[in-house]
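A quick write-up on the structure given underneath.
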Amino acid sequence: MEQGKINEDKFRRSAVSVEEAQAKVLAHVRPAESELVPILEAGHRVLASDVQAPHPFPHFRRSGMDGYAIHSLDTKGCHSGQPVQLEVIDEIPCGSLPSASVGWGTASRIMTGAKVPDEADAVIMLEMTEAIEQDGKRYILIKREVEPGKNITPAGFELAEGDLIMEKGRRVGPGEVSVLATFGIHQVPVARKPRVAVFSTGSELLAIDEPLQDGRIRNSNTYMLVHQIREAGGEPYMLEAIEDDLSVARQRVKEAFAEYDIVITTGGVSVGDYDIMAELVREQSLEMLFNKVMMRPGSVTTAAVKEGKLLFALSGNPGACFVGCELFVRPFIGAMLGSREPFLPKFQAVLGRTYAKVNNFTRFVRGSLAFEDGRLVAYPASLDESSVMITIKDSDVLIVIPPTNQGVQAGQLVDVLMLPGGSRG
Ligand SMILES: Nc1nc2c(c(=O)[nH]1)N[C@H]1C(S)=C(S)[C@@H](COP(=O)(O)OP(=O)(O)OC[C@H]3O[C@@H](n4cnc5c(N)ncnc54)[C@H](O)[C@@H]3O)O[C@H]1N2
Ligand code: MOO
Ligand SMILES: [Mg+2]
């Protein structure tokens with residue numbers, strides 16, 4: 001019998017850099033539509049349009065203190081030996097309008113937040129006055145000069161009408177909600193969350209409510225991904241896990257594409273006999289963007305396109321799955337939402353412990369952050385293998401270790417990518 005070499009195409013992969021892979025993915029972004037949501041549901045959503053101030057804020061001159069609205073000139077030259085006496089002619093609670101005009105020699109009692117009478121040019125704090133009564137009339141004594149403008153917030157102090165307050169692409173947090181509420185914007189225009197299907201592949205996977213069996217493990221990746229997707233601004237849908245069966249995978253990916261904006265799978269992208277996703281992305285029906293990235297973990301991270309929609313076939317190894325999602329899925333979802341900063345924020349920290357592993361790919365090492373002697377220090381996790389699940393929960397950052405044949409010494413500056421939430425709770 002003739003012997004021949006088996007053609008194993010799947011071994012031949014050309015690796016792209018992380019930046020190249022990100023660019024390939026982002027080239028397929030389709031901007032999300034806009035929808036209106038009630039303000040109480042707008043938190044963490046991304047604004048779909050700019051917000052301009054429909055009126056100045058504050059829109060009236062506001063008292064900053066409980067006290068008296070006065071003419072500052074009335075206090076000119078007064079001191080403790082020669083106080084000035086002003087007649088109290090009105091009382092202005094918050095929310096009410098002045099009912100008398102403040103003439104020379106008079107004062108209106110006023111509360112914090114109330115509208116200052118137009119004629120008054122200063123408010124003196126209650127504590128700096130002495131109230132007296134004479135012939136049934138109320139007066140105050142002032143023993144110190146008051147500057148014009150004192151304790152008055154001018155109209156438009158924070159914003160003028162028409163000011164651009166928040167740009168499209170900004171994520172809505174408590175401060176943004178406060179602005180929206182101030183301007184009566186109770187229905188907020190936000191980007192519609194991309195619907196993201198997630199399913200796992202692997203005949204070894206047990207459902208999380210199944211008892212353990214020898215040689216099998218519970219499916220943890222899809223649960224982790226659901227949370228990562230939600231955190232990135234997507235709407236995750238966890239679909240039924242499948243076994244390592246190529247035809248089932250083909251069918252399930254096809255169905256998921258029909259219904260969802262993005263499809264994510266985990267497992268089966270390496271060179272093993274049952275690595276079905278690696279096979280699937282080579283088929284005609286899909287356009288493969290890459291199946292090897294110059295990174296660790298997650299070198300086998302794979303992405304493909306079908307009719308403009310993205311399939312992220314992430315590794316089954318939990319560490320690689322996590323990093324693949326953060327580096328590729330997160331910015332893709334963020335860019336669909338129109339987010340101004342779709343990537344994990346990057347800054348520098350001092351490496352807390354020597355990282356000795358060598359590699360010709362960039363490593364994204366899970367790490368925890370500390371603030372020591374005025375410096376940010378990043379400590380690599382003790383276990384950071386791609387297959388290790390347990391330290392994902394302890395990571396504040398991904399420490400970027402460039403390709404090296406010597407490792408990186410403690411004390412050197414390294415780039416770190418900030419993970420959302422971090423491990424500090
Ligand atoms: N001969 C080679 N073997 C491997 C290579 C290689 O280059 N040559 N690459 C290794 C690297 S690097 C990685 S990463 C993994 C990638 O594996 P796959 O993406 O094909 O994933 P699986 O084979 O399906 O599973 C790997 C590992 O992860 C566990 N797993 C899978 N799914 C889940 C899940 N949903 N929840 C929790 N854990 C899961 C699975 O049981 C395996 O232990 O390949 C190396 N091999
Ligand atoms: O793809 Mo693997 O995670 O490089 O370790
Ligand atoms: Mg495999």
Side-chain angles (χ1 to χ4, degrees), residues 6 8-18 21 197-210 212-229 236 238-246 248-249 252 263-282 288 290-304 311-329 357-366 381 383-393 395 398 400-401 403:
I6 298 170
E8 297 210 81
D9 253 3
K10 60 188 171 191
F11 297 156
R12 280 192 283 278
R13 298 188 183 194
S14 63
V16 296
S17 71
V18 171
V198 187
F199 65 90
S200 62
T201 70
S203 303
E204 78 281 26
L205 299 176
L206 294 165
I208 57 169
D209 55 359
E210 280 187 88
L212 274 186
Q213 292 171 26
D214 200 9
R216 302 186 69 185
I217 57 161
R218 295 197 183 92
N219 165 17
S220 57
N221 286 354
T222 46
Y223 292 89
M224 175 178 72
L225 286 169
V226 158
H227 285 268
Q228 287 180 280
I229 291 160
M238 201 171 101
L239 310 185
E240 209 184 321
I242 64 165
E243 297 194 345
D244 294 315
D245 180 323
L246 180 57
V248 175
R252 292 290 301 283
V263 181
I264 303 182
T265 63
T266 158
V269 283
S270 187
V271 296
D273 290 344
Y274 303 94
D275 283 339
I276 53 168
M277 295 308 296
E279 299 279 331
L280 185 61
V281 294
R282 283 199 191 81
M288 194 182 70
F290 51 84
N291 64 357
K292 189 157 187 131
V293 186
M294 294 178 212
M295 65 189 245
R296 273 263 126 102
S299 57
V300 289
T301 303
T302 297
L311 165 68
F312 293 92
L314 303 177
S315 167
N317 265 336
C321 178
F322 178 79
V323 170
C325 185
E326 288 303 326
L327 295 189
F328 303 108
V329 180
K357 281 188 203 166
V358 297
N359 204 312
N360 46 8
F361 286 171
T362 306
R363 281 185 188 270
F364 294 87
V365 179
R366 295 160 236 183
L383 291 175
D384 80 310
E385 284 79 6
S386 176
S387 57
V388 167
M389 169 276 306
I390 191 65
T391 50
I392 298 174
K393 68 174 178 36
S395 35
L398 293 175
V400 184
I401 305 282

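Numbering of ligands and ligand atoms starts at 1, following listing order.
- Distances from ligand 2 to the non-hydrogen atoms of N317 include no value under 4.0 Å.
- A distance of 10.5 Å separates OG1 in T302 from CG in L280, rounded to the nearest 0.5 Å.
- To the nearest 0.5 Å, atom OG1 of residue T222 and atom CD of residue Q228 are 11.5 Å apart.
- Checked against a 3.5 angstrom limit, the closest N/O atoms of V300 and ligand 2 fall inside it.
- Contact analysis puts G298 in contact with ligand 2, with a non-hydrogen atom separation below 4.0 angstrom.
- Within 4.0 Å of ligand 1, protein heavy atoms belong to S200, E204, L205, I217, R218, N219, S220, N221, G267, G268, V269, S270, V271, D275, R296, S299, V300, S315, G316, N317, S386, listed by chain and number.
- Rounding to the nearest 0.5 Å places CD of E204 at 6.5 Å from CG of D244.
- No more than 12 heavy atoms of other residues, nucleotides or ligands lie within 6.0 Å of CE in M389, so this atom counts as exposed by the packing criterion.
- Considering CG of L225 and CZ of F322, their distance stands at 10.0 Å, rounded to 0.5 Å.
- To the nearest 0.5 Å, the span separating CZ on R218 from CG on L212 amounts to 4.0 Å.
- Within ligand 2, counting atoms from 1 as listed, the ones closer than 4.0 Å to a heavy atom of S386 are 2 (Mo), 3 (O), 5 (O).
- In this structure, L205 CG and T266 OG1 are separated by 8.0 Å, a value rounded to the nearest 0.5 Å.
- The atoms of ligand 2 that sit less than 4.0 Å from any heavy atom of A320 are 3 (O).
- Residue E240 places its CD atom among 12 or fewer non-hydrogen atoms of other residues, nucleotides or ligands, all under 6.0 Å distant.
- For S299, heavy-atom contacts with ligand 2 shorter than 4.0 Å involve the backbone as well as the side chain.
- Of all the atoms in ligand 2, the ones that sit under 4.0 Å from a non-hydrogen atom of R296 are 4 (O), 5 (O).
- When each of R363, R296, K357, R366 is checked for a salt bridge (Lys or Arg N to Asp or Glu O under 4.0 Å) with E385, only K357 meets the rule.
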